[in-house]
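Take a look at the structure below.
Chain identifiers are assigned alphabetically (A, B, ...) following the order of the sequence lines, protein sequences preceding nucleic acid strands; residue numbering begins at 1 within each chain.
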Number of protein chains: 2
Amino acid sequence: MRASDRAYNVLREDIIEWRLRPGTVLAEVEQSERLGVSRTPVREALGRLAAEGLTTAAGGRGVVVTDISLDSIDELFELRETLEVRAAALAAQRGEPGVFAELHAQLLLAPELLRDQDPARHEYYALVSRLDDAIDAAVSNSYLANAMRSLRVHLVRVRRLAADDAARLHAAAAEHAAIAEAIAAGNPRLAEAATTVHLHRSLTHVKATHTAR
Amino acid sequence: MRASDRAYNVLREDIIEWRLRPGTVLAEVEQSERLGVSRTPVREALGRLAAEGLTTAAGGRGVVVTDISLDSIDELFELRETLEVRAAALAAQRGEPGVFAELHAQLLLAPELLRDQDPARHEYYALVSRLDDAIDAAVSNSYLANAMRSLRVHLVRVRRLAADDAARLHAAAAEHAAIAEAIAAGNPRLAEAATTVHLHRSLTHVKATHTAR
DNA sequence: CATGCCCTCAGTGTATACATAAAGTGCCTA
DNA sequence: TAGGCACTTTATGTATACACTGAGGGCATG
């Protein structure tokens with residue numbers, strides 16, 4: 001793997017996992033020493049991060065990790081709803097019903113995945129991610145897929161902020177199952193509605209746990 | 001201005017204006033000689049172009065200018081409709097009516113702008129661009145604005161392909177005026193409808209002139 | 001004559017040296 | 001003592017040298 005890719009992945013993970021807090025200044029020399037590569041690949045990595053919106057150029061004086069305020073979470077979910085509601089409707093029109101019926105069945109069994117003591121909930125999140133991938137594939141629109149992919153980076157940051165408890169994850173799994181079911185049934189309006197409901201619940205939960213801190 | 005910015009702007013313009021055709025391989029040394037700067041700023045410019053989707057990495061062997069096929073135009077307009085319909089509705093809810101009433105009045109006079117012999121239609125496109133900016137400002141959602149901005153780059157490429165004739169521009173001005181009117185009236189559903197109509201007409205025109213070649 | 005291997009070369013990936021500009025600090029002056 | 005100017009420092013911006021990988025062509029052999 002290229003050094004610039006490694007630098008990009010490390011910095012990206014550090015920002016998403018909140019090891020680099022918003023407002024942190026990322027200087028090129030500092031990061032190149034920390035990552036053990038020269039400034040050139042670090043520059044490329046910082047450029048990619050800025051293009052994704054994870055960092056912001058700070059007036060010629062390095063880049064800073066982008067902040068996530070409560071207002072920006074509202075904006076983020078407004079775009080998310082716009083894109084995902086449409087994607088769900090298109091998937092219901094174009095998707096293979098069998099794929100989503102299978103995902104629906106698996107999502108109904110999600111509580112079993114959440115019973116064991118995996119604190120990171122890897123299997124659960126992998127299942128949800130498979131639903132996202134299936135929707136992307138069903139929509140088969142590269143521009144829409146790119147817009148959603150760039151959005152999901154920011155959403156993972158928000159999720160890390162929200163501290164998903166078991167109760168919320170159980171409810172979210174049921175909401176995801178409803179989305180998969182609507183797509184499998186080929187019902188675009190129902191898919192839109194299920195997605196709208198899920199996103200509003202998700203946003204409400206995020207804001208509740210965030211303001212509680 | 002920085003050399004990397006100049007390289008970025010030149011390459012971006014060359015791609016948008018179709019001086020660099022889709023499929024053209026952009027080699028770093030070649031472009032650095034053409035632009036009179038070293039490889040470093042050229043690399044940064046190529047990275048930014050790739051992040052916008054104007055170029056695609058060709059397996060470690062340089063980057064190539066992204067193609068625009070008929071299929072990709074359909075995908076592009078599917079995302080465009082998703083974003084702009086929502087943006088128009090939000091602008092109708094949040095915008096200052098006076099701003100859009102003024103734009104409405106100016107758009108009704110657009111035929112006068114199209115009467116003189118400016119082949120590039122600068123004043124007309126500047127007016128439409130002001131409407132876009134006003135919608136962006138009224139929505140006041142940076143994520144949505146970013147998504148639409150990254151989309152507009154590709155749309156300009158398509159426009160260059162379409163050869164807008166005077167008849168189409170007159171009709172488009174009337175459609176834009178209808179959008180501005182609906183937003184000024186604070187009517188989200190009407191703004192959605194007017195935007196949907198405009199985008200479908202626009203897509204139909206683009207595809208008609210494109211297949212005619 | 002065809003096929004496979006090796007060599008060359010072109011182009012990207014990385015490191016580093018140098019130029020340049022901005023911000024902070026300290027000193028001088030009013 | 002406060003404010004402004006200049007200097008120093010430290011960062012980014014740019015150029016260039018070197019490394020490495022992959023592709024294409026030529027030569028040799030079966």
Rounded to whole Å, CG of L46(A) lies from P of dG13(D) at a distance of 10 Å
Pick out the pairs of N or O atoms, protein on one side and nucleotides 19-24 of chain D on the other, that lie under 3.5 Å.
none

Taking R2(B) first and then D5(B), would you say they form a salt bridge - that is, a charged N and a carboxylate O separated by under 4.0 Å? yes
- Query: Quick one: is S4(B) getting a side-chain N or O under 4.0 Å of the dT14(D) phosphate, OP1 or OP2?
  - Reply: yes
Testing dT14(C), dA11(D), dG11(C) for proximity to the side chain of V29(B), the answer is dG11(C)
Please tell me if R43(A) has a side-chain N or O lying less than 4.0 Å from either OP1 or OP2 of dG13(D). yes
Atom CD of E33(B) and atom C1' of dT12(C) are separated, to the nearest Å, by 15 Å
Polar contact flag, side-chain donor to acceptor under 3.5 angstrom, E52(B)-H154(B):
no
In whole angstroms, the gap separating P of dT16(D) from CZ of R39(A) amounts to 16 Å
L90(A) side chain near I135(A) side chain, heavy-atom distance below 4.5 Å: no
Among dT12(C), dT14(C), dC18(C), the one nearest any side-chain atom of E28(B) is dT12(C)
To the nearest angstrom, the CZ-C1' distance between R2(A) and dT12(C) comes to 9 Å
Rounded to whole Å, the CD-P distance (E44(A) to dA15(C)) equals 12 Å
(message) Please determine whether a side-chain nitrogen of the Lys or Arg among K207(A) and D74(A) lies less than 4.0 Å from a carboxylate oxygen of the Asp or Glu.
(response) yes
Regarding the side chain of A3(A), the nearest nucleotide among dT14(D), dT12(C), dT14(C) is dT14(C)
- Query: Within less than 4.0 Å of OP1 or OP2 of dA15(D), is there a side-chain N or O belonging to S38(B)?
  - Reply: yes
E30(B) atom CD is separated from dC9(C) atom P, nearest whole Å, by 21 Å
L26(A) atom CG is separated from dT12(D) atom P, nearest whole Å, by 10 Å
So the salt bridge (Lys or Arg N to Asp or Glu O under 4.0 Å) pairs with at least one residue in residues 94-107 of chain A (sequence neighbours excluded) are R94(A)-E78(B)
Self-check item: Pairwise side-chain contact, R157(B) with L54(B), heavy-atom cut-off 4.5 Å (strictly under)
Solution: yes
inquiry  = Would R12(A) and N9(A) count as a side-chain hydrogen bond (donor to acceptor under 3.5 Å, both in side chains) here? Give the steps.
reply    = CA-CA 5 Å; R12(A) 188 170 173 276; N9(A) 286 325; 5.4 Å; no
Rounded to whole Å, CE of M1(B) lies from P of dG13(D) at a distance of 14 Å
